[in-house]
Amino acid sequence: MPNHLIDALLAGAATDPAALFARTPDGRRMTRGELATGAARIAGALLTAGVAPGDRVAVQVDKSLEALQLYLGTVMAGGVFLPLNTAYTPAEVQYFLSDATPSVFVCDPGKEAALSQVAAKAGAGRVLTLDAGGKGSLAEAATTAAPLDAPVPRDAEDLAAILYTSGTTGRSKGAMLSHRALLSNSETLRDHWRFTDADVLIHALPIYHTHGLFVASNVALLSGAACVFLKGFDADAILEAMPGATSLMGVPTFYTRLLADDRLTKDRCATMRLFISGSAPLLAETHVAWEQRTGHRILERYGMTETNMNTSNPYDGDRRAGTVGFPLPGVELRIMADGAEVAPGDIGVIEVRGPNVFSGYWQMPEKTAEELRPDGWFITGDLGTLDRDGYVTIVGRAKDLVISGGFNVYPKEVEEAIDELPGVLESAVIGVPHPDFGEGVVAVVVPDGTLELTEDGVVSAIATDLAKFKQPKRVIFLDALPRNTMGKVQKAALRSDYAGLFDA
Ligand code: AMP
């Protein structure tokens with residue numbers, strides 16, 4: 001039996017081992033053959049450390065080519081790769097380790113002392129280390145271990161990875177991702193976005209998240225594209241890499257930060273063919289500004305940890321700002337309210353079905369049953385619309401919906417009205433407990449510094465566009481919105497910061 005995912009991802013390493021897989025700003029170059037051999041050595045080390053088929057290998061390490069080999073090596077060894085955000089504290093790591101009980105946990109050597117205790121308490125197995133430069137006890141074990149000759153057989157429904165959802169409220173849930181879900185989606189994206197071995201992808205996303213790990217890395221591996229492999233977002237490095245590169249995958253903050261740099265010009269983008277954005281909403285304004293500056297229309301897509309990518313704007317055809325495009329080939333999508341599909345243009349909860357969808361939440365059958373219907377439809381929790389042309393627009397998360405005085409307020413509608421005002425850079429609209437209305441609408445506004453803004457000024461400026469119940473009862477000014485590394489605004493943090501705003 002073959003190894004469903006690895007056989008496909010590393011097919012190019014066998015046919016063209018000398019082809020370049022990645023280069024880094026410090027001049028390092030790694031061929032496809034070297035990538036595969038390093039992964040096979042790590043797989044050998046993991047087997048020696050006791051990893052059996054289906055075992056979890058939890059990993060909290062900095063981004064490096066060796067960390068990518070660790071992902072491939074884990075799946076090659078028949079294991080389940082479980083990457084953790086490097087920002088997680090030891091207490092958070094302890095939760096993930098006790099929940100997933102990995103047989104191996106790989107961490108940075110600098111954190112080994114503290115995290116070994118955490119791993120022991122959590123009942124995790126061996127602790128190995130890997131640093132940002134690719135050194136550590138795992139790397140040592142890999143140099144002495146016999147490289148795995150052939151990947152451990154795994155079929156399409158076996159698990160390849162568990163990724164914990166960012167979970168702003170409640171316990172984080174481990175999304176179980178099968179070989180089938182990962183491979184089918186990466187193949188779809190490669191074809192839809194036309195990736196080939198002529199591409200050079202600027203890879204600046206973290207590899208503990210679905211975007212950088214599966215969308216960027218798997219698409220590059222499958223298509224034969226080479227990567228400029230960066231540790232993270234770095235405007236200098238990205239701008240330097242652009243001449244000669246063909247594509248960039250980013251979160252919206254990549255694009256706003258690059259726009260703030262005068263070195264971003266049409267000339268610099270001369271060899272680029274595709275800019276992709278996702279993981280958080282791209283402001284229509286950023287889309288327009290990017291096109292004016294570079295001549296390229298950003299292609300926005302929509303996905304999530306549980307489903308991989310669901311929709312994408314077209315490669316050829318109209319990439320509409322503010323929308324996330326059409327369902328990808330093989331992905332079904334519907335918008336539901338009160339148990340039925342809504343009319344075109346009406347708001348409801350987005351549901352998706354297809355080979356891309358996950359297999360359930362790790363050891364949480366009741367959560368799985370709440371969100372994954374028996375007939376395969378996954379209830380995403382995102383609110384959206386589907387217009388008559390088939391474009392999907394995300395309106396927000398269902399849990400961010402504000403219900404004020406019994407009326408539904410969709411934050412995005414209010415945010416868009418506020419964002420258009422002169423002097424406003426961006427805004428986030430939340431609901432917080434209100435003694436009369438249940439929830440009161442609160443707008444958190446970031447000024448752009450060009451005008452003096454006041455609370456009354458903002459409310460009166462949008463009063464003609466929005467019904468009274470949608471208008472903010474309070475406007476708070478902040479220098480910046482709280483965001484996580486994927487560029488998502490942390491609305492739960494804002495709700496907790498302003499929870500007492502309407503207390504008597
Ligand atoms: P994650 O599981 O961390 O990838 O987060 C997935 C969530 O990010 C989705 O459920 C959406 O709420 C949001 N998201 C992803 N892509 C987009 C997009 N292009 N526009 C708006 N929200 C997005």
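Along the sequence shown, residues are numbered consecutively beginning with 1. Remember, it's 1-based here, ligands and their atoms both numbered in the order they're listed. Computed over heavy atoms, backbone and side chain alike; hydrogens, waters and symmetry mates excluded.
Using the six-membered ring where Trp is involved, Trp290 and Tyr255 have ring planes that are perpendicular, over 60° apart on the 30 and 60° scheme.
Only backbone heavy atoms of Ala280 (N, CA, C or O) come within less than 4.0 Å of ligand 1; its side chain stays farther off. Of the heavy atoms in Glu300, only side-chain atoms (C-beta onward) come closer than 4.0 Å to ligand 1. The side chain of His209, and not its backbone, has at least one atom closer than 4.0 Å to an atom of ligand 1 (non-hydrogen atoms only; side chain from C-beta on).
When all heavy atoms are compared, the tightest approach of Asp346 to Thr385 is O-CG2, 3.6 Å. Listed here is the closest heavy atom pair of Ala100 and Leu82: CB-CD1, 3.3 Å.
Judged as a side-chain hydrogen bond (donor to acceptor under 3.5 Å, both in side chains), and not counting sequence neighbours, Arg319 has no contacts.
For atom 7 (C) of ligand 1, the choice among Lys412, Lys488, His211, Met486 with the nearest heavy atom turns out to be Lys488. Across the listed options Gly384, Gly381, Pro281, Pro281 owns the non-hydrogen atom lying nearest to atom 21 (C) of ligand 1.
Contact annotation: Asp382 has at least one heavy atom less than 4.0 Å from an atom of ligand 1. Not a single heavy atom of Thr165 sits under 4.0 Å from any atom of ligand 1.
Within the listing of ligand 1, atoms 1 (P), 2 (O), 3 (O), 4 (O) sit less than 4.0 angstrom from a heavy atom of Thr305. Close approach of ligand 1 to Arg301 is summarised as follows: ligand atoms under 4.0 Å from at least one heavy atom of the residue are 16 (N), 18 (C), 19 (N).
Note: no N/O pair closer than 3.5 Å links Glu306 and ligand 1 by distance alone. In terms of polar-atom proximity, defined here as any N/O pair under 3.5 Å, Ser279 does make such a contact with ligand 1. Residue Arg397 places at least one N or O, backbone or side chain, under 3.5 Å from an N or O of ligand 1.
A distance of 11.0 Å separates CD in Glu285 from CD in Glu416, rounded to the nearest 0.5 Å.
Side-chain contact check for Asn313 and Tyr391: no donor-acceptor pair (N or O, by modelled atom type) lies under 3.5 Å.
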**Item:** ring-ring contact (aromatic ring centres under 6.0 Å, His included) evaluation trace for Trp193 with Tyr315
**Value:** CA-CA 6 Å; Trp193 296 338; Tyr315 188 82; 9.3 Å; no
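Annotation: ring pair (Phe, Tyr, Trp, His ring centres under 6.0 Å) contacts involving residues 364-385, sequence neighbours excluded, comprise Phe358-Phe378.
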